[in-house]
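Source: prediction; values computed, not measured.
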Amino acid sequence: QVQLVERGGGLVQAGGSLRLSCAAPGSIFDINTTGWYRQAPGKQRELVATITTAGSTNYADSAKGRFTISRDNAKNTVYLQMNSLKPEDTAVYYCKIVAGLRAYWGQGTQVTVSS
């Protein structure tokens, strides 16, 4: 079964940084849009950032200026660099990859930011 491998979550102090990664197996090809979503306690899942194969990016207002999404097409991997983290960023972060007509999700990685 296809599985996306997420890494990089953890506990960090406010103002600190974390780098998340999401790797897809080689069996998934022709990847189009990839992105990161998050779900905080008591809230619905929301978009954080997306990036296309061509490198076009889109960010949630809360992430602009602090987060950077990137991808390595040769490695089938997408990254999310998170700087100047705030307690409001605490959530489970999910990777999403769209290939053809199918969407694949990671299992989620917990990010906790202490005040």
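For K64 against D61, the heavy-atom pair with the smallest separation is NZ-OD1, 3.2 Å. Contact between L4 and P25 at its shortest, heavy atoms only, is CD2-CD, 4.4 Å. What you find for A14 and P87 is that their closest heavy atoms are CB-CD, 4.2 Å. Between A99 and I28, the shortest heavy-atom contact is CB-CG2, 3.8 Å. For K75 against T77, the heavy-atom pair with the smallest separation is O-OG1, 2.9 Å. R38 approaches A91 most closely through the heavy-atom pair CB-CB, 3.8 Å.
A donor-acceptor pair under 3.5 Å is absent between the side-chain atoms of R45 and the main chain of Y37, judged by distance alone. Distance alone, capped at 3.5 Å, places no donor-acceptor pair between the S62 side chain and the A60 backbone.
Atom NZ in K96 sits 12.5 Å away from atom SG in C22 (nearest 0.5 Å). Interatomic distance, CG of N32 versus OG1 of T53, reported as 5.0 Å (0.5 Å rounding). Interatomic distance, R71 CZ to I51 CD1, rounded to the nearest 0.5 Å: 6.5 Å.
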Would T34 and C95 satisfy side chain to side chain contact (heavy atoms under 4.5 Å, CB included), going step by step from the backbone distance to the final call? CA-CA 8 Å; T34 65; C95 175; 5.8 Å; no
Test side chain to side chain contact (heavy atoms under 4.5 Å, CB included) on I31 and V98 and set out the steps. CA-CA 6 Å; I31 295 175; V98 177; over 6 Å; no
Show, in sequence, the C-alpha distance, side-chain angles and deciding distance for T68 and L80, and conclude whether the side chain to side chain contact (heavy atoms under 4.5 Å, CB included) test is met. CA-CA 6 Å; T68 302; L80 184 68; over 6 Å; no
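Residues V92 and T109 have side chains not in contact (no heavy-atom distance under 4.5 Å, counting atoms from C-beta outward). Contact check for L18 versus V111: side-chain heavy atoms found under the 4.5 Å cut-off.
The closest side-chain donor-acceptor pair between N83 and S17 falls under 3.5 angstrom. The closest side-chain donor-acceptor pair between T90 and E88, if any, does not fall under 3.5 angstrom.
Annotation: Q107, atom CD; neighbour count of heavy atoms from other residues, nucleotides and ligands within 6.0 Å does not exceed 12. The 12-atom threshold is not exceeded at CZ of R7, counting heavy atoms of other residues, nucleotides or ligands nearer than 6.0 Å.
The side-chain tip of R19 points at the ring of Y79 from less than 6.0 angstrom away and within 45° of straight on.
A chain of hydrophobic side-chain contacts below 4.5 Å, direct or via other Ile, Leu, Val, Met, Phe, Trp or Tyr residues, connects M82 to Y59. A chain of hydrophobic side-chain contacts below 4.5 Å, direct or via other Ile, Leu, Val, Met, Phe, Trp or Tyr residues, connects L85 to W36. In the hydrophobic clustering of ILVMFWY residues, with side-chain heavy atoms under 4.5 Å counting as a link, L47 and Y94 come out together.
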